[in-house]
Amino acid sequence: MKKIFLLLTIVFAFSCKDFSKGKQQTIDNSKDEFSYDSIKDADTETNDSILLKKGKMIAQSTQKVLGKNLMLNIQKNGLVGAVEFCNEKAYPLTDSMAIVHHAKIKRVTDKPRNTNNKASEKELEYIEFFKSKINNNESYKPILTNDNGITNFYFPIVTNTMCLNCHGIPETNIDPKVTQLLNDKYPYDQAVGYKENEVRGIWSISFKDNQNK
């Protein structure tokens, strides 16, 4: 168990490899402060480029808030604490970040643990798109769409070793105590059986085009 906590402390990222280095687009993790001013300085940037940066910034800042709080729960109560946190606190914190950013922020999946995270038909298409790209080791970028002045931003959440503690194979990756708690909290849980580098779901973020440009 000490080994697990050490690994979590060193490499943990709440939403797995959402913005890991590599072929996909990345976000700078070096700053704790986020400002819309930082994404609108260059006059030469296209509108899509500005919106893309804004979507990334919203996703990463939300991820950092969730990750920081999740780590506190893991350090205090172990992996069982992670399940308790996700069940009780993840939604309120995400909603708080949505208010801060004047956006709608969701993490959705084709294999939900919480039924509220079930992807829509369109989101399922994007999940399949990212799965195809990752399975074939192809480069990809976030997806941007526009609907009557509303920008929609989509980017994959990809599993790493840490994710498997709650989303891997029961008894192989997931501690029996965690499995029992998951069964109690989420009787219709589908979010297990993952391996590393698989699409767990996507960020689905929406915001008005004319805000804070």
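The figures here come from the full heavy-atom set of this structure, side chains too, leaving out hydrogens, waters and symmetry mates.
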Side chain Asp209, main chain Thr151, donor-acceptor under 3.5 Å: yes

Evaluate the criterion side chain to side chain donor-acceptor pair (under 3.5 Å) for residue pair Arg200 and Thr109; output intermediate values, then yes/no. CA-CA 6 Å; Arg200 165 76 185 94; Thr109 177; 3.0 Å; yes

Cation-pi check for Tyr194 against Lys111: NZ or CZ below 6.0 Å from the six-membered ring centre and within 45 degrees of the axis, yes or no? yes

Trp203 and Ile157, any side-chain heavy atoms less than 4.5 Å apart: yes

Yes or no on side chain to side chain donor-acceptor pair (under 3.5 Å) for Glu196 and Thr161, after CA distance, side-chain angles and deciding distance? CA-CA 6 Å; Glu196 287 187 67; Thr161 302; 3.1 Å; yes

Go through the steps to decide whether Asp175 and Asn165 satisfy the test side chain to side chain contact (heavy atoms under 4.5 Å, CB included), and finish with yes or no. CA-CA 7 Å; Asp175 185 277; Asn165 287 302; over 6 Å; no

Is it the case that Tyr91 and Asn117 place a side-chain donor and acceptor less than 3.5 Å from each other? yes

Expected output: side-chain Glu198 to main-chain Lys195 donor-acceptor under 3.5 Å: yes

Tell me whether Gln63 contacts the main-chain N or O of Gln60 through its side chain, where contact means a donor paired with an acceptor under 3.5 Å. no

Between the side chain of Asn73 and the main-chain N/O of Leu70, is any donor-acceptor distance below 3.5 Å? no

Checking His101 against Ser61: is there a side-chain donor and acceptor pair closer than 3.5 Å? yes

Could Lys185 and Glu84 be called an ion pair, given the rule that one side-chain N must be under 4.0 Å from one carboxylate O? yes

What distance do Lys89 atom NZ and Thr94 atom OG1 have between them, rounded to the nearest 0.5 Å? 13.0 Å

Hey, is the main chain of Cys163 close enough, under 3.5 Å, to the side chain of Asn160 for a donor-acceptor pair? yes

Main-chain N/O of Val83 paired to Asn87 side chain as donor or acceptor, under 3.5 Å: no

Give a yes or no answer on whether the side chain of Thr62 reaches the backbone of Ile58 with a donor-acceptor pair at less than 3.5 Å. yes

